Amino acid sequence: PRQNGLPPLPEWGAGPQDHPLSGRAISSGNPLKLQCRPLPKCWMAHQMIPPSWFEQDVVSAAEQLVGKRLLSHKGGVVTGGIITETEAYRAPEDKASHAYGRRRTRRTETLFGPPATAYVYFCYGIHSLLNIVTGPVGTPHAVLIRALEPTDGHAEIERRRKGRRPLAGGPGTVCQALGLTTQDDGTPLGEALWIEEGPPLTQAIQTGPRIGIDYAEEWAGIPWRFYL
């Protein structure tokens with residue numbers, strides 16, 4: 001038996017069946033014909049990071065999210081991976097943030113909501129990008145999830161990405177891999193999208209300037225990008 005009275009985790013191999021407790025997809029011959037076992041709520045509750053964790057400062061959260069596991073449950077299949085790159089956006093002062101100067105629009109409204117909420121927006125009319133809101137309600141802070149190392153639901157991620165590489169090596173590909181769109185904007189972290197503790201890191205987290213924000217003037221060089 002596991003600690004805290006949770007059920008034991010069954011053993012699994014490298015065959016077509018993934019971990020039966022985690023709700024990973026099960027394939028029978030054709031990797032595109034997927035089924036999913038239900039996610040035991042007690043197991044999920046034990047693994048998920050609670051919403052209160054996201055009340056902390058966004059820069060600290062962005063660094064600590066590197067190495068954690070981000071998962072989605074879409075179309076009956078769980079997909080996800082280890083977060084390998086993040087960026088912090090800290091309005092109202094941060095000129096790189098959508099909510100700079102407390103700009104409040106239909107798109108940015110989610111940023112002013114409760115922590116542990118998904119802020120998903122359309123970028124350049126091409127990609128959906130996933131952010132996680134942090135800090136107290138009314139404080140427009142968010143962490144952009146820039147990259148994942150896939151660990152779960154590989155067959156479905158391959159299908160969603162049409163075999164293109166990297167599978168989730170950029171912010172646009174993260175949403176594609178997880179099956180997320182702007183319809184998921186405002187979704188609280190929970191059963192459809194959640195973050196778990198990851199395995200111990202074997203390398204140091206690196207820092208650097210955020211990418212693609214030259215317009216942010218003196219804020220462009222601040223090292224709020226964290227990556228492995």
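These numbers come from a predicted model, not from an experiment.
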Can you find a heavy atom in the side chain of Ile82 that is under 4.5 Å from one in the side chain of Pro199?
-> yes
Electrostatic pair Arg69:Glu197 at N-O distance under 4.0 angstrom | no
Carboxylate-amine/guanidinium proximity below 4.0 Å for Glu158 and Arg165 | yes
Begin from the C-alpha positions of Val143 and Val58 and carry the test side-chain contact (heavy atoms from CB on, under 4.5 Å) through to its verdict.
-> CA-CA 7 Å; Val143 177; Val58 65; 3.7 Å; yes
Val137 and Pro115, any side-chain heavy atoms less than 4.5 Å apart = yes
Mind checking whether Trp224 and Tyr215 sit in one hydrophobic cluster, side chains of I, L, V, M, F, W, Y counted as touching below 4.5 Å?
-> no
Check: residues 167-180 side-chain donor-acceptor pairs under 3.5 Å, at least two apart:
unit_1	atom_1	unit_2	atom_2	d
Thr173	OG1	Gly169	N	3.1
Thr173	OG1	Gly170	N	2.9
Thr173	OG1	Gly170	O	2.8
Gln176	OE1	Arg161	NH1	2.5

Measure the shortest side-chain to side-chain distance between Arg107 and Phe122 over non-hydrogen atoms and say whether it is less than 4.5 angstrom.
-> no
Is a donor on one side and an acceptor on the other found under 3.5 Å between the side chain of Asn131 and the backbone of Tyr119?
-> yes
Tell me, do Lys74 and Asp184 make a side-chain contact under 4.5 Å, heavy atoms counted?
-> yes
Can you get from Ile132 to Tyr121 by hopping between Ile, Leu, Val, Met, Phe, Trp and Tyr side chains that sit under 4.5 Å apart?
-> no
From CD (Glu93) to CH2 (Trp219), nearest 0.5 Å = 5.5 Å
His141 (side chain) donor-acceptor with Ala91 (main chain) under 3.5 angstrom | yes
Pro92 to Pro140 - nearest heavy-atom pair and separation | N-CG, 4.4 Å
Tyr89 side chain reached by Leu111 side chain, heavy atoms, under 4.5 Å = no
From CA spacing to verdict: side-chain contact (heavy atoms from CB on, under 4.5 Å), Ile145, Thr86 = CA-CA 5 Å; Ile145 308 299; Thr86 64; 4.3 Å; yes
In terms of hydrophobic clusters joined by side-chain contacts under 4.5 Å, are Trp194 and Leu65 together?
-> no
Where is the tightest heavy-atom contact between Ala204 and Gln206, given as atom of each residue plus distance?
-> O-NE2, 3.4 Å
Arg146 side chain near Tyr227 side chain, heavy-atom distance below 4.5 Å = no
d(His73 NE2, Leu193 CG) to nearest 0.5 Å is 12.0 Å
Looking only at heavy atoms, what is the nearest atom pair of Leu130 and Ala118, with distance?
-> CD1-CB, 3.9 Å
Mind checking the CG-CG spacing from Leu71 to Leu189? Nearest 0.5 Å is all I need.
-> 11.5 Å
Is any side-chain N of the basic residue among Arg210 and Glu87 closer than 4.0 Å to the acidic one's carboxylate O?
-> no
Can you name the residues that form a salt bridge (Lys or Arg N to Asp or Glu O under 4.0 Å) with Asp185, not counting sequence neighbours?
-> none
Is it true that a side-chain atom of Ser97 and a backbone atom of Asp94 form a donor plus acceptor pair closer than 3.5 Å?
-> no
Would you confirm whether Thr108, through its side chain, and Arg103, through its main-chain N or O, come within 3.5 Å as a donor-acceptor pair?
-> yes
I would like to know whether Arg159 and Val77 meet side-chain contact (heavy atoms from CB on, under 4.5 Å); could you show each step before the answer?
-> CA-CA 12 Å; Arg159 186 189 70 80; Val77 183; over 6 Å; no
Compare every heavy atom of Thr79 with every heavy atom of Gly153, then report the nearest pair and how far apart it is.
-> O-CG2, 3.7 Å
Phe112 meets the ring-ring contact (aromatic ring centres under 6.0 Å, His included) criterion, sequence neighbours left out, with none
Nearest atoms (heavy-atom pairs only) where Gly190 meets Met48 = O-SD, 3.5 Å
So CZ of Phe54 and OG1 of Thr134: to nearest 0.5 Å the spacing works out to 9.0 Å
Is there side-chain contact between Ile83 and Phe226, with heavy atoms separated by less than 4.5 Å?
-> no
Would Leu148 and Ile157 show up in the same hydrophobic cluster when neighbours are defined by side-chain heavy atoms closer than 4.5 Å?
-> no
Are Ile211 and Leu144 co-members of a hydrophobic cluster defined by side-chain heavy atoms under 4.5 Å apart?
-> no
When rounded to the nearest 0.5 Å, the distance separating CZ of Arg225 from CD of Glu63 is 13.5 Å
If we only count heavy atoms from C-beta on, is the Gln64 to Ile49 side-chain gap below 4.5 Å?
-> no
Answer yes or no: does atom CD of Glu218 have more than 12 heavy-atom neighbours from other residues, nucleotides or ligands under 6.0 Å?
-> yes
Can Leu228 and Ile205 be said to form a side-chain contact (heavy atoms from CB on, under 4.5 Å), step by step?
-> CA-CA 5 Å; Leu228 296 176; Ile205 296 173; 4.0 Å; yes
